[in-house]
Amino acid sequence: MTNRQIAEKLRHMAVFYEMDGVPFRPQAYEKAADAIDALGPDEPLDRLFAAKGRDGLRTVPGVGEGIAHHIEEMIRRGTFREYERMAAKYPVNLDELSGIEGVGPKTIKTLYQKLRIKDLAGLERAAAAGKIRGLPRFGAKTEANLIRSIELRRRSAGRRLLGDILPLARRIETELRGVRGVRHAVVAGSIRRRQETIGDIDILATAAGPERVMEKFIRLPEVAEVLEHGPTKTAVRLDNGVQADLRVIPEASYGAALQYFTGSKEHNVIVRKLAIARGLKLNEYGLWKSRKSVAARSEEDVYRAVGLDYIEPELRTASGEIEAAAAGGLPDLIPYGSVRGDLQVQTDWTDGSHSIADMAEAARRRGLEYLAVTDHTKALAMVGGLDEKKLARQGREIDALNRRLEKDGVNFRVLKGSEVDILRDGSLDLADAALKKLDMVGAAVHSHFHLSRSEQTARIIRAMKNPHVDIIFHPTGRVINKREPCDFDMEAVIKAAKATGTALEIDAAPDRLDLKDSHVRLAVRAGVKLVIDSDAHRPEHFDWLELGVAVARRGWAATKDVLNTGSYRDLKKWLSKAKNKREKGPRK
DNA sequence: GCCGTTTTCGGCCCGACTGTTTTCAGTCG
């Protein structure tokens, strides 16, 4: 049993206890699950148990006598008695139901006990039949909200987050590359374009012996079911429900096939029309002049042969990239790996899992040169948001850490920051005097997501006019597949960002990606500076920065558009200049 | 159920908001 599976069962257990109103245990199980997830797949608990027994398990923070017993039982037989008892009492699909916004443990319990609702389909039927509104503490409005949440869920059904699928796709890629005779094995489709959500996994391979790579593919441990199995195309369903297709094509067609299978469909339609205009025909095997292939080896060859500069996969959305490529006007996209510091990082001062020093060390190991500690502020009492006094204390800790880093000659700096809450009226939940002492202030909306468009717009703009606010974090507040973005006038906000010298964030958390690509493009066009942040709550989240760079690239951003591609010194310079501008600028 | 520079028991879950109510349960993060 993997750590992930163990953590999942513990999380379910937390929900079960919450359903029954058991105090404190849910958080204890939650905490243990977090700690186990944090171990990652490289330190499997079953190995720890084999080596050191139950006492070994208890070295994991949050795992005590009771949970260690449960883990032991899970390692032996895949489940544990208490879990089985609760699962029998509540035979419901917890993940499906709690995936709906507004549905928590208590609602799941009521739904099951009163209406025998076990899963999403059942919930949908009951809501459509108007049965929900009759339940205690449920009304017509709640029922309507539920239906809306389910619809949102369904619209995104089958589409998974890029951040969840990308590591899996890469793993498969690597496996297939290891097969004898394979020259290329590469993920194409929406993953290669780094679209924010993914329908399936398309893999392209060239190989001397196609049978071997097909065989390897259907024998991957993740494969749950083989849907199609032929000499050039094989399709499987993976254990996570995602479909994966493998196509094997001749080496000579590699470039044309990669271009064809990368898409988007709309982009390819235009490229094919260009080919036709030149008396050529483009398909996955090549670019043809009657029966002669004129370009097929590489994508560059194909694009050049139809009169275009090479177009990066992220740009292939049929939204002006072809015209730009024809005119030699494509942007010089920000390269992967060019973010030098992370400006939104949570620590164990609030809802992060690690200390400031741990996060700094983890960031440094990933090649970053600085980070900003931006714990939540007091309005988010849920996560123990910092008040002015605690923030000052945290500042002293950061000062001490920086002194230590400097003394040790470590090229890494920690900025004193904050993720300060934008209140309903656009004021902030920390006093200016406290903000003034920080190196950097990010402001964010965490409440009142449903204000009217004009109120929401005015609220955000007012926050930007505060001279201490340097960045608006995750500006739209959306959570992909779960929460709609706030309704506000993005163009007006971008205009205000330009006027106030406020940067806008690309929050790279896989389910946020906020700003999204089209907004980034607007901001870039308006000359507004961006920052790319991981929103890390634990060290491995720094890996998300790559997803933020992908969004920036999809939004046509260059290195110069993104502040944290600069050095620590450059960033500090920009911050003080922008603040100066806000302090001197016209106040309203 | 876990934990300990507030230590072996008594804290931990802090508060705003929504939608339902007529005083508050449930969700959010």
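A note on names: the letters A, B, ... follow the listed sequences, proteins ahead of strands, and every chain is numbered from 1.
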>> Filter on side-chain hydrogen bond (donor to acceptor under 3.5 Å, both in side chains), then keep only pairs touching residues 126-141 of chain A, sequence neighbours left out; what's left?
In response: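 Non-adjacent pairs meeting side-chain hydrogen bond (donor to acceptor under 3.5 Å, both in side chains): A:R133-A:E143.
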> Which comes earlier along DNA chain B counting from the 5' end, the contact point of A:V103 or that of A:P136, where each point is its nearest nucleotide?
Replying inline: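 This one resolves to A:P136.
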> When the nearest nucleotide of DNA chain B is assigned to A:A28 and to A:V22 on a heavy-atom basis, which residue is associated with the more 5' position?
Replying inline: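 Nearer the 5' end of the strand: A:A28.
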At under 4.0 Å between heavy atoms, what does [X] touch on the DNA or RNA strands: base, sugar-phosphate, or nothing?
| X | answer |
| --- | --- |
| A:R483 | sugar-phosphate |
| A:A140 | sugar-phosphate |
| A:P26 | nothing |

> More than 12 foreign heavy atoms under 6.0 Å from CD of A:Q5: is that the case here?
Replying inline: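 Correct, the count exceeds 12.
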>> Can you see whether A:Y90 engages A:D20 through a side-chain donor-acceptor pair at a distance of less than 3.5 angstrom?
In response: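 Note: A:Y90 and A:D20 side chains meet the donor-acceptor criterion.
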> Taking atom types as modelled, is there a side-chain donor on A:D514 or A:T476 under 3.5 Å from an acceptor on the other?
Replying inline: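 Yes.
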In whole Å, measure the gap between the [atom1] atoms of [N] and [M] for me.
| N | M | atom1 | result |
| --- | --- | --- | --- |
| B:dC12 | B:dT6 | P | 14 Å |
| B:dG10 | B:dC17 | P | 36 Å |
| B:dG4 | B:dG15 | C1' | 27 Å |
| B:dT8 | B:dC3 | C1' | 10 Å |
| B:dT20 | B:dC24 | C1' | 9 Å |
| B:dT18 | B:dT22 | C1' | 16 Å |
| B:dG11 | B:dT7 | P | 12 Å |

Between [atom2] on [N] and [atom1] on [X], what's the gap in Å once rounded to a whole number?
| X | N | atom1 | atom2 | value |
| --- | --- | --- | --- | --- |
| A:R25 | B:dC2 | CZ | P | 9 Å |
| A:E30 | B:dT27 | CD | P | 14 Å |
| A:D387 | B:dC14 | CG | C1' | 11 Å |
| A:M19 | B:dA25 | CE | P | 18 Å |
| A:I108 | B:dA25 | CD1 | C1' | 15 Å |
| A:R424 | B:dG15 | CZ | C1' | 17 Å |
| A:F449 | B:dA16 | CZ | C1' | 11 Å |
| A:R58 | B:dG4 | CZ | C1' | 13 Å |

>> Looking only at the aromatic ring of each residue, does the gap between the centers of A:H354 and A:H541 stay below 6.0 angstrom?
In response: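 When the ring centroids of A:H541 and A:H354 are compared, they turn out to be at least 6.0 Å apart.
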> Does the gap between the ring centers of A:Y29 and A:Y17 come in under 6.0 Å?
Replying inline: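 Yes - the distance between ring centres of A:Y29 and A:Y17 falls below the 6.0 Å cut-off.
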>> Could you identify the nucleotide paired to B:dG19, looking across every strand shown and requiring Watson-Crick or G-U wobble geometry with both distances under 3.5 Å?
In response: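 WC or wobble partner is B:dC24.
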> In Watson-Crick or G-U wobble terms, both distances under 3.5 Å, what is the partner of B:dT8?
Replying inline: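 None - no nucleotide pairs with B:dT8, as no candidate has both distances under 3.5 Å.
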> Does A:R459 count as lying over the ring of A:F488, i.e. NZ or CZ under 6.0 Å from the six-ring centre, within 45 degrees of the axis?
Replying inline: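 Judged by the rule (NZ or CZ under 6.0 Å from the ring centre, within 45° of its axis), A:R459 is not positioned above A:F488.
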> Looking at A:Y112, is A:R116 sitting on its ring face, NZ or CZ under 6.0 Å from the six-membered ring centre and within 45 degrees of the normal?
Replying inline: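 Ring-cation test returns yes.
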> Can you find a side chain N or O atom of A:N145 that sits less than 4.0 Å from OP1 or OP2 on B:dT18?
Replying inline: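 Result: no.
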> Given B:dT18, is OP1 or OP2 found less than 4.0 Å from the side-chain N or O atoms of A:T142?
Replying inline: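 For A:T142, the contact criterion (side-chain N or O under 4.0 Å from OP1 or OP2 of B:dT18) is not met.
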> Of the options A:E505, A:E419, A:Q344, which is the one that meets A:H474 in a side-chain hydrogen bond (donor to acceptor under 3.5 Å, both in side chains)?
Replying inline: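 When A:E505, A:E419, A:Q344 are each tested with A:H474, the side-chain hydrogen bond (donor to acceptor under 3.5 Å, both in side chains) holds only for A:E419.
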Can you tell me which nucleotide in [options] comes closest to the side chain of [X]?
| X | options | value |
| --- | --- | --- |
| A:H448 | B:dA16, B:dG26, B:dG19 | B:dA16 |
| A:K106 | B:dC24, B:dT27, B:dG1 | B:dT27 |
| A:P105 | B:dT27, B:dG1, B:dG19 | B:dT27 |
| A:I67 | B:dT27, B:dG1, B:dG19 | B:dG1 |
| A:R137 | B:dG1, B:dC2, B:dA25 | B:dA25 |

Which pairs, protein N/O on one side and nucleotides 5-12 of chain B N/O on the other, fall under 3.5 Å?
none

